[in-house]
Student: 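Below you'll find the structure I mean.
First the proteins, then the strands, lettered A, B, ... as listed; each starts at 1.
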Amino acid sequence: MTKYVIKRLLGIIPTLLIIITVSFFIVRLAPGGPFDGERNLPETIKRNIEAKYHFDEPLLMQYGRYMFDILRGDLGPSYRYKDHDVNFYIFESLPNSMILGVIAISISVLFGISSGILAAVKQNTWADYLGMAFAIVGISVPLFVIGPVLQYVFAVKLQWVPTSGWYTVDGNWITIILPAITLSAANFGTIARLTRSSMLETLRSDYIRTAKAKGMKSSTILFKHALKGTLLPIVSYLGPAFAGVVTGSVVVESVFRIPGLGKFFVQSSFNRDYTLIVGVVIVYSVILIFMNFIVDILYSLLDPRITYK
Amino acid sequence: MLNKKTEKKPQATNQFNQAVAGNSLTRDAWRRLKKNKMAVISIFIVVIYILLAIAAPILPIYPYDEIVLDHQNLPPSFTQNAGTLLLEKRLADLYTQAWRSGSLEVSEAEEEMLWTWIDANETNKVWDYMLEKGEQMSADGSFTFSATDQRRIERLEEKLMSELKVSIKSLWYTDPISNEREKLSSLTTEQLIDLYLDLSGTDIDTLKDQYTREIEQQLLRGIKDQNPELPDAEYQQMLEREIERLSESRFDSLIKSNILTKITNQIVNDANSHLGQMATDESVLFPVKEEISLNDTISAEVEASRINERIYYLGTDYQGRDMLSRIIYGGQVSIAIGFVGTITSVLIGIILGALAGYLGGKVDYIIMRIVDIMYGLPYMLLVIIAMAIFGRNILNLFFALAIISWLTVSRMVRGQIMSLKNQEFIEAARSMGASTWRIIFKHLVPNSLSVIIVFSTLRIPAFIMTESFLSFLGLGVSAPFASWGSLVGDGVGSMALYPWKLFFPALAMTIFLFAMNFLGDGLRDAFDPQSKNQL
């Protein structure tokens with residue numbers, strides 16, 4: 001097990017290296033340097049600026065310098081905002097995104113698993129159909145449709161919640177509800193369907209029949225015996241679920257005007273603030289890769305049948 | 001060997017001498033699919049969408065990119081045309097003004113209600129109410145407009161009646177000597193310049209100045225569309241670079257289209273003044289077709305229709321473009337990207353997956369490591385970066401999406417092929433000397449096709465969603481083109497006042513995605529009944 005963990009941890013390094021390298025070179029390939037927008041500067045000033053950001057060095061040297069900086073945890077200066085560097089902006093907006101993402105994942109896991117179990121236990125009843133109808137809506141309708149429609153119905157028409165806002169800005173926790181629901185919709189649908197089919201399969205297996213034959217209470221069978229077997233495919237889905245939340249948050253944060261990393265990312269790709277874009281991508285990648293890692297470890301802990309060499 | 005083809009296969013029979021027919025997997029799957037009601041309905045919906053998208057250019061809808069600034073944000077209506085809606089808008093405005101200035105009196109309760117609406121920022125409710133109230137009061141004679149307002153309304157009515165939309169069907173040039181007619185656009189740029197100088201009476205230097213300036217502006221607009229929100233100085237530099245890069249022939253064609261636009265404008269002006277009179281005294285029934293000649297050499301066939309007689313079933317957008325045709329054309333873009341993108345990514349996936357699965361060894365190792373590493377990338381974010389840096393157009397979008405979406409297909413195909421490659425029929429083919437290429441694409445791939453088709457069907461909605469996701473953020477398809485995503489994105493900002501701009505594209509898209517998902521699920525259940533209820 002320890003060996004496996006170490007091997008997986010070492011496997012992260014090449015992926016991260018590739019992400020950083022690809023992002024670095026995509027940005028350098030871009031037509032027009034980041035300072036083309038400045039007014040026609042005198043040659044000397046231009047040279048000074050380029051020297052400040054090390055643009056006068058050969059490309060490989062710049063790459064090496066960038067890598068070294070990242071190893072020290074420094075993502076470099078922002079090309080657009082002169083007051084602070086990339087680290088500052090990322091650490092300012094990351095908590096907002098994290099809170100939103102964690103709430104959204106919790107909603108989708110909690111409601112997804114419970115409605116999946118309900119649908120499986122009450123198969124072919126109205127509870128089953130209702131749950132699965134919600135699930136297919138979550139899967140089929142893109143979140144940039146769900147978000148604005150929810151906003152229109154609950155904020156504009158019914159006026160139960162404000163249209164946008166965020167608790168760090170106005171201290172109003174209620175504003176977190178709509179974005180979290182929107183962000184959780186797709187994962188909720190997938191998890192609910194996964195749970196249902198997995199539960200149906202488990203309920204038909206021999207060990208459940210044995211438990212029933214021994215006269216155990218049906219609630220004990222359900223939650224003590226069947227649930228653990230049911231959860232396996234859901235745990236393995238959590239990796240893609242995190243990825244979905246990360247990309248989804250880009251849209252949700254734009255729609256609901258949340259000062260998070262995703263909104264920052266879109267803004268900086270419009271602004272062509274290259275270091276900021278690469279910085280955000282690296283942060284996202286690190287989060288995603290570690291989430292996948294944790295999910296893998298969790299999986300092996302849950303399922304004693306799996307052994308890693 | 002020789003008579004193999006002429007000899008008929010004997011009919012298989014059972015012990016009761018009844019014909020027994022084999023049942024292929026596809027036929028079996030089709031039978032199961034037909035039983036699935038949702039899947040059958042979905043097939044119909046998808047077919048209707050595809051037909052609409054293909055037939056878009058010949059459908060009787062208004063052009064999707066025609067900007068009519070007077071018709072901004074008109075609500076959807078099946079019965080009232082644009083003119084009536086505009087008149088109502090103005091009347092509502094005038095009644096409200098009359099109420100605010102005190103000449104139109106309402107009861108105390110109504111006054112209170114109107115003010116609560118205004119405080120809640122729901123001015124559209126106020127307008128609707130005032131229109132209804134005002135019409136009622138004018139009908140029973142308790143309110144009349146002041147003379148100036150009366151005149152304003154009359155002038156608007158007149159304008160709405162007389163405004164024409166002139167479109168040029170064809171432009172002709174008649175040679176004064178040989179009397180031969182040819183299309184104006186087939187002339188060379190020098191000839192066109194000469195013609196235009198003749199027509200307008202300007203001298204060549206002024207004209208040169210004029211078109212150089214106009215072309216520069218046109219290029220600048222293009223650059224601004226591609227890269228919004230940059231400082232002016234940067235635009236200026238980009239423009240200079242762009243002009244430096246322009247080739248001789250491209251510049252020539254720019255001049256040509258510029259001159260053609262000038263001539264067209266003159267014809268449109270001519271037709272407007274000439275037909276506008278007819279429109280006001282209602283001497284002809286619109287739409288009319290006419291032949292107009294500017295002078296002896298240039299003539300044109302024009303078609304004129306009353307622009308305010310248009311009916312917008314789904315309303316208009318912020319530039320007065322018809323939502324219905326934008327949704328249909330947007331669907332064309334979305335569906336095309338969905339289908340073509342899926343096919344491309346599936347092809348890449350099949351080739352790489354088949355090679356990895358069949359050849360094994362080093363090839364397999366390398367391809368699968370690439371797939372593994374790419375799986376770890378936050379690819380949506382990389383696509384966003386690529387779109388932001390390399391410019392927003394449909395081709396870039398398409399490439400960016402196709403390059404990242406072959407991963408799952410290749411894994412799946414690899415698995416299929418690995419399970420098939422040791423079977424007897426492959427060994428037989430190999431022993432007969434079939435090449436690797438032939439074995440893969442003649443024997444292995446066709447045998448795993450059903451799995452691939454099912455998977456591809458489920459990929460299409462995902463692809464459409466991804467494309468729309470980017471367009472929604474403003475990183476995909478850009479104006480004047482539309483896709484469902486960009487339409488929803490346009491509608492979000494103003495949904496409180498103009499909800500139709502959000503709902504109709506969202507609805508069109510949702511229905512299609514539902515249908516595709518149901519169809520994909522149905523196909524999967526049909527081809528692989530064991531997988532029922534799974535994801």
Student: Are the side chains of Val492(B) and Phe144(A) in contact, using a 4.5 Å heavy-atom criterion?
Tutor: no
Student: Which residue out of Gly493(B), Pro461(B), Ala462(B), Ser468(B) racks up the most heavy-atom pairs below 4.5 Å with chain A?
Tutor: Ser468(B)
Student: For chain B, which candidate among Val251(A), Leu16(A), Val145(A), Ile12(A) shows the most heavy-atom pairs at distances under 4.5 Å?
Tutor: Val251(A)
Student: Phe265(A) versus chain B, heavy atoms under 4.5 Å apart: side chain, backbone, both or neither?
Tutor: side chain
Student: Can you label the angle between the Phe503(B) ring and the Tyr152(A) ring as parallel, tilted or perpendicular, going by 30° and 60°?
Tutor: perpendicular
Student: Is Leu502(B) in contact with chain A via its backbone, its side chain, both, or neither, using a 4.5 Å heavy-atom distance?
Tutor: side chain
Student: Hey, could you give me the CD1/CE distance between Ile136(A) and Met38(B), rounded to the nearest 0.5 Å?
Tutor: 7.5 Å
Student: So for atom CH2, which belongs to Trp127(B), do other residues, nucleotides or ligands contribute more than 12 heavy atoms lying within a distance under 6.0 Å?
Tutor: no
Student: Can you tell which part of Phe469(B) gets under 4.5 Å to a heavy atom of chain A, answering side chain, backbone, both or neither?
Tutor: both
Student: Counting only heavy atoms not in Phe293(A) (residues, nucleotides, ligands), do more than 12 fall under 6.0 Å from its CZ?
Tutor: yes
Student: Considering only heavy atoms, which portion of Val156(A) lies under 4.5 Å from any heavy atom of chain B: side chain, backbone, both, or neither?
Tutor: side chain
Student: Need one label for Phe472(B): side chain, backbone, both or neither, based on atoms under 4.5 Å from any heavy atom in chain A.
Tutor: side chain
Student: Which bit of Val255(A) comes within less than 4.5 Å of chain B, counting heavy atoms only: side chain, backbone, both or neither?
Tutor: side chain
Student: Measure across Arg193(A) and Asp521(B) and return the closest heavy-atom pair with its distance rounded to 0.1 Å.
Tutor: NH2-OD2, 2.8 Å
Student: Testing the basics here: between Pro148(A) and Met495(B), what is the closest heavy-atom pair and its distance to 0.1 Å?
Tutor: O-SD, 3.5 Å
Student: Atom CG of Leu513(B) and atom OG of Ser140(A): how far apart are they, to the nearest 0.5 Å?
Tutor: 7.0 Å
Student: Please look at Met509(B) and chain A and tell me whether the side chain, the backbone, both or neither of the residue comes under 4.5 angstrom of a heavy atom of that chain.
Tutor: side chain
